[in-house]
Amino acid sequence: DGGITQSPKYLFRKEGQNVTLSCEQNLNHDAMYWYRQDPGQGLRLIYYSQIVNDFQKGDIAEGYSVSREKKESFPLTVTSAQKNPTAFYLCASSQPAVGRNEQFFGPGTRLTVL
Amino acid sequence: KNEVEQSPQNLTAQEGEFITINCSYSVGISALHWLQQHPGGGIVSLFMLSSGKKKHGRLIATINIQEKHSSLHITASHPRDSAVYICAVLTSGSRLTFGEGTQLTVNP
């Protein structure tokens with residue numbers, strides 16, 4: 001089945017450790033996105049990539065890094081510089097070229113930093 | 001002030017009731033999305049619209065571009081409709097700006 005997978009669903013890390021969240025899609029989409037969701041707030045864009053080997057900062061990129069070496073993969077690293085990393089992280093993808101740009105979301109990873 | 005405002009923030013209804021969730025935005029958009037998020041966290045796209053009205057089963061979405069307003073209606077609501085409903089607008093390029101969501105609870 002086509003879709004977006006994120007793993008793991010729940011992730012626990014100690015403060016000060018970097019952690020990488022996985023996002024894979026088999027929809028052949030060019031664009032991929034990482035969002036952060038906190039209680040009582042709307043989703044906020046961390047980073048996005050419109051094509052392989054290229055990515056741009058979103059609204060809250062500080063303390064995060066990404067790579068886009070393959071079309072189907074867009075991993076997000078939460079670094080120790082991120083002051084409040086505990087949150088729900090959602091990955092999405094879309095195909096802007098077809099004019100609809102409907103975004104498809106993964107199931108999310110809930111990160112807890114202890 | 002957020003660029004996308006939803007109301008109400010929380011909504012409790014009895015099974016069978018007609019439900020309306022509203023979304024107002026303050027920026028120019030090329031499209032508006034209605035999304036559904038269940039307790040597990042996964043998000044499903046319900047509608048994407050840029051004008052008029054769309055219907056899918058018991059769900060209806062409308063948009064008024066001049067008034068910068070959209071509504072999501074649920075007819076004959078059911079407990080399985082309980083979820084967070086999120087409005088998001090497509091502004092520049094491929095970026096979405098999200099509302100804070102409306103928590104809907106439908107009681108049997």
Side-chain angles (χ1 to χ4, degrees), chain A residues 3-11 21 23 27 29-51 54-61 74 87-112, chain B residues 1-11 21-52 54 56 61 63 70 83-104:
Chain A
I4 301 175
T5 56
Q6 290 185 246
S7 61
K9 190 169 177 63
Y10 298 95
L11 188 57
L21 280 58
C23 178
L27 300 167
H29 285 170
D30 284 316
M32 296 187 73
Y33 313 82
W34 273 106
Y35 297 99
R36 171 182 171 136
Q37 188 177 39
D38 294 282
Q41 295 190 40
L43 277 73
R44 292 181 289 168
L45 182 65
I46 304 172
Y47 267 98
Y48 65 106
S49 167
Q50 295 185 298
I51 199 165
D54 186 45
F55 49 83
Q56 288 80 40
K57 292 182 179 180
D59 300 319
I60 54 166
F74 191 40
F88 187 60
Y89 292 88
L90 282 154
C91 178
S93 71
S94 71
Q95 190 54 43
V98 302
R100 287 176 49 83
N101 197 36
E102 181 177 2
Q103 291 193 18
F104 295 81
F105 290 83
T109 292
R110 192 167 298 277
L111 173 65
T112 302
Chain B
K1 188 179 187 302
N2 292 339
E3 292 179 332
V4 181
E5 297 274 357
Q6 286 185 236
S7 63
Q9 286 187 318
N10 294 283
L11 180 57
I21 299 171
N22 295 299
C23 176
S24 296
Y25 52 92
S26 57
V27 294
I29 70 169
S30 55
L32 182 143
H33 295 253
W34 280 104
L35 310 168
Q36 181 190 55
Q37 185 174 31
H38 278 281
I43 291 179
V44 174
S45 177
L46 299 174
F47 296 103
M48 187 180 80
L49 65 167
S50 54
S51 65
K54 287 190 175 180
H56 185 257
I63 188 169
S70 175
V84 176
Y85 291 84
I86 301 169
C87 171
V89 298
L90 186 64
T91 53
S92 60
S94 57
R95 295 185 54 161
L96 287 175
T97 301
F98 296 81
E100 293 180 3
T102 295
Q103 173 69 61
L104 171 65

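In what follows, chains carry the letters A, B, and so on, assigned in the order in which the sequence lines appear, proteins first and then strands, with residues in each chain numbered from 1. Computed from heavy atoms alone, side chains included, the values below leave out hydrogens, waters and symmetry copies.
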Kindly determine whether Q103(A) and S45(B) satisfy side-chain contact (heavy atoms from CB on, under 4.5 Å), including the steps that lead there.
CA-CA 8 Å; Q103(A) 291 193 18; S45(B) 177; over 6 Å; no
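Heavy atoms closer than 4.5 Å to chain B are found in the side chain of Y35(A), but not in its backbone. Contacts between L45(A) and chain B at a heavy-atom distance below 4.5 Å involve the side chain alone, from C-beta outward. Within the 4.5 angstrom heavy-atom criterion, no atom of Q103(B) approaches chain A. For Q37(A), the part sitting under 4.5 Å from any heavy atom of chain B is the side chain, from C-beta outward, and nothing else.
Per-residue counts of heavy-atom pairs under 4.5 Å with chain B were compared for Q6(A), Q41(A), R44(A); the largest is that of Q41(A).
Atom NZ of K9(A) is surrounded by more than 12 heavy atoms from other residues, nucleotides or ligands within 6.0 Å.
Using the six-membered ring where Trp is involved, F47(B) and H56(B) have ring planes that are perpendicular, over 60° apart on the 30 and 60° scheme.
Here the side chain of Q37(B) pairs no donor or acceptor atom with the backbone of I86(B) at under 3.5 angstrom.
With contacts defined as side-chain heavy-atom distances shorter than 4.5 Å, the pair V27(B)/T97(B) does not qualify.
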